[in-house]
Amino acid sequence: MNKAQVVEFFSRLAADNPHPETELEYGNPYQLVVAVALSAQATDIGVNKATRRLFEEVKTPAQMVALGEAKLKQHIKTIGLFNTKAKNVIALSEQLIADHGGEVPADRDALEKLPGVGRKTANVVMNVAFGAETFAVDTHIFRVGNRTGLARGKTPLAVELKLDKIVPQPFRLHAHHWLILHGRYVCKARTPECWRCVVCDLCAFKPKTPAPRQRGA
DNA sequence: CTCCCGATAT
DNA sequence: ATATCAGGAG
């Protein structure tokens, strides 16, 4: 995909959704960190379902530590990997209190030192909470980048670095959300819905099954 | 590379 | 029944 095509790619996704946002629910940067940490290998809908009640009583690291690991597990029991996530969230909260005065650091390296926070989660927090032009490559972006030919790589990090090179202004701030939402609702893992994709003509992927017959159309 | 792990879509 | 879901750590 050449430069003009990349611009066209994002122009269309932007026209489709001018103000893309995360679908994770949170009230402050701390809750965002927790929500994203909980979202590994789980759906945003499933995470929101659990955090809605949790975040009513827990808004700070201190309140999370006070709640305790056992009660936290009960809150997030419906999310996959809940044992390790509960342990990480408690430890992460303790570390925020000990090393950062209970605040979320606006620093990628500091974020990555938090238990349960890797490069992808740190990139999400930097982008959503602090407006940094980061590219958080999750399962959706990894798939969309490789499938379309926009940004190919064998690892999420490789795709991230590729995106950082090729995505121009004024798309850099929201590129990662445009790609995620596109991957979640159109360029799906199992059954990509190419017949209603706005960038299908720019895409390297050619579906074997055509658009389904619509009733009355 | 393996393990972690419930809910949902296909 | 199985693949997939805003991954990270050992």
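By convention in this document, chain letters (A, B, ...) are assigned in the order of the sequence lines, proteins followed by strands, and residues within each chain are numbered from 1. Because the structure is a prediction, the values reported are computed rather than measured.
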*Same apolar cluster (I L V M F W Y, side chains within < 4.5 Å links), A:Leu24/A:Leu181*: no
*What integer distance in Å separates A:Ile79:CD1 from C:dG8:C1'?*
15 Å
*What is the distance from CD1 of A:Ile76 to C1' of B:dA7, rounded to the nearest Å?*
14 Å
*Pick the nucleotide of DNA chain C nearest each of A:Gly116 and A:Glu21; which residue has the one closer to the 5' end?*
A:Glu21
*Looking only at side-chain N and O atoms, does A:Thr78 come under 4.0 Å of OP1 or OP2 in B:dA7?*
no
_Within the 4.0 Å heavy-atom criterion, would you say A:Val36 contacts the bases, only the backbone, or no part of the nucleic acid?_
nothing
*Counting any heavy atom closer than 4.0 Å, what does A:Val47 reach on the DNA or RNA strands: base, sugar-phosphate only, or nothing?*
nothing
*asked:* For the P atoms, the ones on B:dC4 and on C:dA1, what distance do you get once it is rounded to whole angstrom?
replied: 23 Å
*Ignoring backbone atoms, establish whether A:Asn88 has a side-chain N or O less than 4.0 Å from OP1 or OP2 of C:dG8.*
no
*For A:Lys85 and C:dC5, give me the distance from atom NZ to atom P, rounded to whole Å.*
13 Å
*Would you indicate which nucleotide in C:dC5, C:dA6, B:dT10 comes nearest to any side-chain atom of A:Lys188?*
B:dT10
*Hey, what's the ring geometry for A:Phe171 with A:Trp178, parallel, tilted or perpendicular (30° and 60° as the breaks)?*
perpendicular
*Side-chain donor or acceptor of A:Lys49 paired with backbone N/O of A:Asp44 under 3.5 Å*: no
*asked:* Any base atoms under 4.0 Å from A:Ala189, or only sugar-phosphate, or nothing? Heavy atoms, all strands.
replied: sugar-phosphate
*For DNA chain C, whose closest nucleotide is more 5', that of A:Gly183 or that of A:Leu114?*
A:Gly183
*Going by atom types alone, do A:Asn127 and A:Glu133 pair a side-chain donor with an acceptor below 3.5 Å?*
no
_Could you tell me how far B:dA7 sits from C:dG8 if I compare only their P atoms? Round to whole Å._
23 Å
*Return no unless some side-chain N or O of A:Gln41 is found under 4.0 Å from OP1 or OP2 of C:dG7.*
yes
*For DNA chain B, whose closest nucleotide is more 5', that of A:Thr84 or that of A:Lys49?*
A:Thr84
*Write down the distance separating the C1' atoms in C:dT4 and B:dC5, rounded off to the nearest Å.*
13 Å
*Kindly point out which of C:dG7, C:dT4, C:dA6 is positioned nearest to the side chain of A:Leu24?*
C:dA6
*asked:* Taking the minimum atom-to-atom distance to the side chain of A:Phe82, which one of C:dT4, B:dG6, C:dG7 wins?
replied: B:dG6
*Any donor-acceptor pair under 3.5 Å from A:Gln74 side chain to A:Lys71 backbone*: no
_So if I take every side-chain heavy atom of A:Asn83 and compare against B:dT10, C:dA6, B:dC5, which nucleotide ends up nearest?_
B:dC5
*Go through the side-chain N and O atoms of A:Tyr30 and A:Ser93 and say whether any donor and acceptor fall under 3.5 Å apart.*
yes
_Rounded distance (Å) that lies between atom C1' of C:dG8 and atom NZ of A:Lys113_ = 17 Å
*Classify the nucleic acid contact of A:Thr22 as base, sugar-phosphate or nothing, counting any heavy atom under 4.0 Å across all strands shown.*
base
*Are A:Phe135 and A:Val36 connected, step by step, through hydrophobic side chains (Ile, Leu, Val, Met, Phe, Trp, Tyr) whose heavy atoms are closer than 4.5 Å?*
no
*asked:* Can you measure A:Ile141 atom CD1 to C:dA6 atom C1' for me and round it to whole angstrom units?
replied: 8 Å
*NA contact type, A:Gly46, heavy-atom cut-off 4.0 Å: base, sugar-phosphate, or nothing?*
nothing
*For A:Arg184 and C:dA6, is the shortest distance between a side-chain N/O and OP1 or OP2 below 4.0 Å?*
yes
*Tell me: CG of A:Asn48 to P of B:dT8, nearest whole Å?*
13 Å
*Spacing between A:Leu38 atom CG and B:dG6 atom C1', to the nearest angstrom*: 13 Å
*Hey, does the side chain of A:Arg143 come within less than 4.0 Å of C:dC5's phosphate (OP1/OP2), counting only N and O?*
yes
*Taking the side chain of A:Arg190 as its heavy atoms from C-beta onward, which of C:dG7, B:dT10, C:dA6 lies nearest to it?*
B:dT10
*Take atom NZ of A:Lys87 and atom P of C:dG8, then tell me their distance rounded to the nearest Å.*
19 Å
*asked:* Regarding A:Gly118, tell me which of base, sugar-phosphate or nothing describes its non-hydrogen contacts under 4.0 Å with the strands shown.
replied: sugar-phosphate
*For A:Asp44, answer base if it contacts any base atom (sugar-phosphate contacts may also be present), sugar-phosphate if it contacts only those atoms, and nothing otherwise; contact means non-hydrogen atoms under 4.0 Å.*
base
*Respond yes when some side-chain nitrogen or oxygen of A:His176 is under 4.0 Å from OP1 or OP2 of C:dA6, and no when none is.*
no
